[in-house]
Q: 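My questions all concern the structure below.
Please read all numbers here as calculations on a predicted model, not as lab measurements. Counting starts at 1 for both ligands and their atoms, in listed order.
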Amino acid sequence: MAAEEGQWVLMATGRSPTNIAVIKYWGKRDEALILPVNDSISVTLDPDHLSATTTVAVSPSFPSDRMWLNGKEISLSGGRFQSCLREIRKRAQNVEDEKKGIRIKKEDWGKLHVHIASYNNFPTAAGLASSAAGLACFVFTLGKLMNVKEDCGELSSIARQGSGSACRSIYGGFVKWCMGKNNDGSDSIAVQLADETHWNDLVIIIAVVSSKQKETSSTSGMRDSVETSPLLQYRAQTVVPERVLKMEEAIKSRNFESFARLTCADSNQFHAVCLDTSPPIFYMNDTSHRIISLVEKWNQSEGTPQVAYTFDAGPNAVLIAPNRKNATLLLQKLLYYFPPQDNDLRSYMVGDKSILSDAGLKSIEDVEALPAPAEMKTPSQKFKGDVSYFICSRLGAGPKVVTDESLALIDSVTGLPKGV
Ligand SMILES: Nc1ncnc2c1ncn2[C@@H]1O[C@H](COP(=O)(O)OP(=O)(O)OP(=O)(O)O)[C@@H](O)[C@H]1O
Ligand SMILES: C[C@@](O)(CCOP(=O)(O)OP(=O)(O)O)CC(=O)O
């Protein structure tokens, strides 16, 4: 180590997207290594709307590893954080910062401690896959600081040990997590099927039904399903392998009809497995069911899918439209049933707010004047306040280094999170 011993702080900042599975991961064959019982496929969301930003700092003056999430100190002692730290440290290389006169030899990394600060630009632990963005960012940014040379496949297998779905957030666009066969997990890695430009007409609207923390975590929920659900075995062995092939084909040929049918069927089967678990797990609520019904009736009335829906381990709906036109029609239908509680339309739409004007919705009066969707049988009933807010997004790119030092979450002098 060069520079004046103990006087320096070296940092790296990264930003990683979240992802939403269209073929779900649900069930592990190895709890410690996080090896799944089936392949899964996801779309990566635009990091401008849903992402984690993480700064990792190293200094000889740090007596221990510490982490802050959304401004609050959290423990790093959990096995998952420890696995990721250990795997990245093992691969650390020599680092030299000429400007600051800092030289770290690869054998020194074992003696140095890190401070990690992370911030999610969306609700944490609310079924919006914060753990996926967070753990991918943790691994990616530590890798940058420690000059790790491994490729994305290897990084994905390290992120996997932090949270299964995190391995898919190492890439943008469409991503497949190959379950692998090896007992050591070496072939359980994510691969990119197509980047975010491949099918850039897709519009993603998320109805945030509840941003409260959920009752059953994905980790414990899927453990119970593996132990008790006979449907899970059938799904993993028989249904998913065929569905994955069809989904890859649908993505390759941008076949929205097939993509939508597979996405909805897989979300429904995942929730059926939850119901088949003993005791049963309920992630969706009445609002989720109403949104499914709205989309199903619309799709049926048109004779072909207009929009796809998928729900993770929570009640929030992720709706995927093939183009802007269908997204605006969808929004009109959604806002007819779920107008904002406090009549504030601007804060009711997060992300790409321009979808509101595209849908002709400039004021709350425009929402009140929306016609009832013709395909619905009980159009008069409305559910004001049942959706907290909507996020309009699109497909996005994988993790990136944040080069603007003013955006770092750690103070380069104190080595502590800014504002602490
Ligand atoms: N930015 C982050 N950096 C590091 N860890 C994070 C970050 N964000 C979330 N986590 C970890 O993920 C946990 C939340 O994961 P959890 O699976 O409960 O919720 P979720 O990922 O938002 O929902 P789901 O995976 O069901 O969609 C947090 O308690 C924390 O340990
Ligand atoms: C429903 C899901 O979102 C489950 C995600 O589970 P996690 O990746 O959060 O679970 P752990 O591996 O135990 O951390 C489906 C999916 O993302 O594929």
Q: Heavy-atom contacts with Met67 under 4.0 Å: which atoms of ligand 1 show up? List them by number with element.
A: 3 (N), 4 (C)
Q: Just checking, Arg290 and Phe383: is the charged tip under 6.0 Å from the six-membered ring centre and within 45° of the axis?
A: yes
Q: Do ligand 1 and Leu135 have nitrogen or oxygen atoms that lie under 3.5 Å from each other?
A: no
Q: Find all atoms of ligand 1 within a distance of less than 4.0 Å from any non-hydrogen atom belonging to Ser218, and give their numbers and elements.
A: 24 (P), 25 (O), 26 (O)
Q: Start with the C-alpha gap between Phe138 and Phe81, add the side-chain angles, then the distance that decides, and say whether side-chain contact (heavy atoms from CB on, under 4.5 Å) holds.
A: CA-CA 9 Å; Phe138 186 92; Phe81 283 130; 3.7 Å; yes
Q: Identify the heavy atoms of Gly164 and Tyr25 that sit nearest to each other, and give their distance.
A: CA-CE2, 3.8 Å
Q: So which of Leu76, Asn121, Ile20, Leu69 gets nearest to atom 10 (N) of ligand 1, if we judge by its closest heavy atom?
A: Leu69
Q: Look at atom 3 (N) of ligand 1 and find which of Gly221, Ser118, Ser130, Pro123 reaches it with the closest heavy atom.
A: Ser118
Q: Is NZ or CZ of Lys333 both nearer than 6.0 Å to the six-membered ring centre of Trp298 and within 45° of the ring axis?
A: yes
Q: Which atoms from ligand 1 have a heavy atom of Ala52 less than 4.0 Å away?
A: 1 (N)
Q: Counting neighbours of CD on Glu107 that are heavy atoms of other residues, nucleotides or ligands and sit closer than 6.0 Å, is the number greater than 12?
A: yes
Q: For Asn183, does the CG atom sit with more than 12 other heavy atoms under 6.0 Å from it, leaving out its own atoms?
A: no
Q: Hey, are Arg261 and Glu257 close enough for a salt bridge, meaning a charged N less than 4.0 Å from a carboxylate O?
A: yes
Q: Pick whichever of Phe81, Phe138, Tyr25, Trp68 has a heavy atom sitting closest to atom 5 (N) of ligand 1.
A: Phe81
Q: Surrounding NZ of Lys106 (heavy atoms of other residues, nucleotides or ligands, distance under 6.0 Å), is the total greater than 12?
A: no
Q: Measure from atom 17 (O) of ligand 1 to every heavy atom in Ser75, Ser131, Ser16 and give the option owning the shortest one.
A: Ser131
Q: How far does CD of Gln82 sit from OG of Ser75, to the nearest 0.5 angstrom?
A: 8.0 Å
Q: Go through ligand 1 atom by atom and flag the ones less than 4.0 Å from a non-hydrogen atom of Asn120.
A: 1 (N), 2 (C), 7 (C), 8 (N), 9 (C)
Q: Under a 4.0 Å heavy-atom cut-off, what residues line ligand 2?
A: Ala21, Lys24, Tyr25, Trp26, Lys28, Ile34, Arg80, Ser131, Ser163, Gly164, Ser165, Arg168, Ser218, Thr219, Met222, Phe270, Asp312, Ala313
Q: What orientation do Phe62 and His115 show, parallel under 30°, tilted 30 to 60°, or perpendicular over 60°?
A: parallel
Q: Which ligand 1 atoms, with their elements, are less than 4.0 angstrom from a heavy-atom of Ala313?
A: 26 (O)
Q: List the steps, then state whether side-chain contact (heavy atoms from CB on, under 4.5 Å) holds for Ile88 with Leu155.
A: CA-CA 9 Å; Ile88 290 287; Leu155 284 187; 4.1 Å; yes
